[in-house]
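Structure first, commentary second.
If you're wondering where the values come from, they're calculated on a predicted model, not measured in any experiment.
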Amino acid sequence: MSYIRVCCAVIRKDSFFLAVQRSALMSHPLKWEFPGGKIENGETPESALIREIKEELSVEIETGQALGSVKFNYPGKSIELIPFLALIKSGEISLTEHQAFRWLQKDELQSLDWAEADIPIIEGLIQLS
């Protein structure tokens with residue numbers, strides 16, 4: 001089983017959080033997730049996240065507080081998902097890999113069909129006051 005370190009951005013705008021939907025051609029098709037991607041050799045999680053968000057959403061972000069990482073086993077791979085709070089510094093969202101995005105209030109987050117590794121992050125956000 002392969003082990004992959006992945007980072008994701010919990011991007012907040014006012015009282016809304018950004019969710020993106022995976023395309024039908026990606027693994028975990030049509031699932032919703034917080035945007036991000038694999039941490040490459042030599043990258044810090046923060047630098048990987050800034051790169052991935054620029055590639056996937058065409059925006060520049062500022063990373064904030066790291067949230068608790070999540071370890072999850074998918075068939076054939078084990079991932080460590082490292083989430084960070086983030087804000088968009090510049091640019092307008094333009095999707096390059098995902099098929100949709102939505103801004104959701106905290107109480108709306110559980111209404112989507114999320115990738116399994118993202119669910120503990122959502123649960124943690126809902127518990128924050």
Side-chain angles (χ1 to χ4, degrees):
M1 180 179 296
S2 63
Y3 173 76
I4 305 167
R5 292 181 71 220
V6 179
C7 52
C8 70
V10 179
I11 299 173
R12 189 170 185 170
K13 180 172 72 172
D14 301 319
S15 62
F16 293 87
F17 295 92
L18 180 67
V20 293
Q21 187 179 35
R22 297 176 70 83
S23 78
L25 303 176
M26 297 169 84
S27 62
H28 315 288
L30 306 180
K31 295 281 189 177
W32 289 84
E33 66 182 358
F34 293 109
K38 293 178 189 170
I39 301 168
E40 304 293 344
N41 288 337
E43 285 185 315
T44 65
E46 294 92 340
S47 65
L49 189 56
I50 290 167
R51 175 186 53 76
E52 286 282 352
I53 297 303
K54 180 69 174 168
E55 291 172 2
E56 292 180 4
L57 304 180
S58 305
V59 296
E60 300 282 339
I61 62 165
E62 178 179 314
T63 60
Q65 174 187 349
L67 304 174
S69 67
V70 174
K71 294 186 178 162
F72 194 84
N73 294 323
Y74 285 107
K77 67 181 174 186
S78 175
I79 69 164
E80 179 183 5
L81 180 58
I82 306 166
F84 289 88
L85 293 176
L87 298 171
I88 295 176
K89 289 193 320 188
S90 65
E92 294 293 325
I93 295 174
S94 175
L95 301 175
T96 61
E97 294 180 15
H98 295 84
Q99 81 171 29
F101 73 92
R102 289 182 58 189
W103 289 100
L104 301 166
Q105 296 274 356
K106 185 167 42 172
D107 63 357
E108 297 175 303
L109 289 171
Q110 291 181 309
S111 68
L112 300 178
D113 183 18
W114 289 87
E116 291 85 350
D118 289 74
I119 293 172
I121 299 167
I122 294 163
E123 292 168 350
L125 288 173
I126 290 170
Q127 291 175 6
L128 292 176
S129 52

Do Ile39 and Ile82 touch side chain to side chain, with heavy atoms closer than 4.5 Å? yes
Contacts of type salt bridge (Lys or Arg N to Asp or Glu O under 4.0 Å), residue Arg12, not counting sequence neighbours: none
Consider only side-chain heavy atoms of I, L, V, M, F, W and Y, link residues closer than 4.5 Å, and tell whether Phe17 and Leu67 are in one cluster. yes
Would you give the length of the straight line joining atom CD of Glu56 to atom NE2 of His98, rounded to the nearest 0.5 angstrom? 5.0 Å
Under 6.0 Å from the ring centre and within 45 degrees of the ring axis: does the NZ or CZ of Lys13 meet both conditions for the six-membered ring of Phe16? no
Please find the pair of heavy atoms, one from Phe84 and one from Gly64, that lie closest to each other, and give the distance. CD2-O, 3.6 Å
Is it the case that one hydrophobic cluster holds both Leu49 and Leu85, taking links as side-chain heavy atoms less than 4.5 Å apart, direct or via other members? no
Hey, any chance Val10 and Leu104 share a hydrophobic cluster, counting ILVMFWY side chains that come within less than 4.5 Å of each other, even indirectly? yes
Tightest non-hydrogen contact, residues Ile61 and Ala86, listed as CD1-CB, 4.1 Å
Hey, is the main chain of Ser94 close enough, under 3.5 Å, to the side chain of Ser58 for a donor-acceptor pair? yes
Tell me, please, which residues at least two apart from Glu43 pass salt bridge (Lys or Arg N to Asp or Glu O under 4.0 Å). Arg51
Could you check if a side-chain atom of Ser27 sits within less than 4.5 angstrom of a side-chain atom of Arg22, using non-hydrogen atoms only? yes
Quick check: do Pro83 and Phe34 have side-chain heavy atoms less than 4.5 Å from each other? no
I need the Ser23 OG to His28 NE2 distance, nearest 0.5 Å. 12.0 Å
pair Leu95-Phe101: side-chain heavy atoms closer than 4.5 Å: yes
Can you tell me how far apart CH2 (Trp32) and CD1 (Ile122) are? Round to the nearest 0.5 Å. 11.5 Å
Separation between CD1 of Ile50 and CD of Glu62, rounded to the nearest 0.5 Å: 8.5 Å
Rounded distance [0.5 Å steps], CD in Glu46 versus SG in Cys7: 8.5 Å
Who passes salt bridge (Lys or Arg N to Asp or Glu O under 4.0 Å) against Glu80, sequence neighbours left out? Arg5
Would you indicate whether the side-chain heavy atoms of Glu116 and Lys31 approach each other to under 4.5 Å? yes
Determine whether the side chains of Ser15 and Gln105 contain a donor N or O and an acceptor N or O closer than 3.5 Å. yes
Please answer whether the main-chain N or O of Lys77 pairs with a side-chain N or O of Ser2 as donor and acceptor at a distance below 3.5 Å. no
Stepwise, does the side chain to side chain contact (heavy atoms under 4.5 Å, CB included) test hold for Ile121 with Val70? CA-CA 8 Å; Ile121 299 167; Val70 174; 3.9 Å; yes
Quick check on side-chain contact (heavy atoms from CB on, under 4.5 Å): which of Ile53, Ile11, Leu57 does Ile88 satisfy it with? Ile11
Could you report the tightest heavy-atom contact between Asn73 and Met1, atom names first, then the distance? OD1-SD, 4.1 Å
Do Leu109 and Trp114 come within less than 4.5 Å of each other through their side chains, counting heavy atoms only? yes
Heavy atoms only: give me the nearest Ile79-Ala117 pair and the separation to one decimal. CD1-CB, 3.7 Å
Rounded at 0.5 Å granularity, tell me how far CG in Leu30 sits from CG in Leu112. 12.5 Å
Within one Ile-Leu-Val-Met-Phe-Trp-Tyr cluster: Leu125 and Leu87, side-chain cutoff 4.5 Å: no
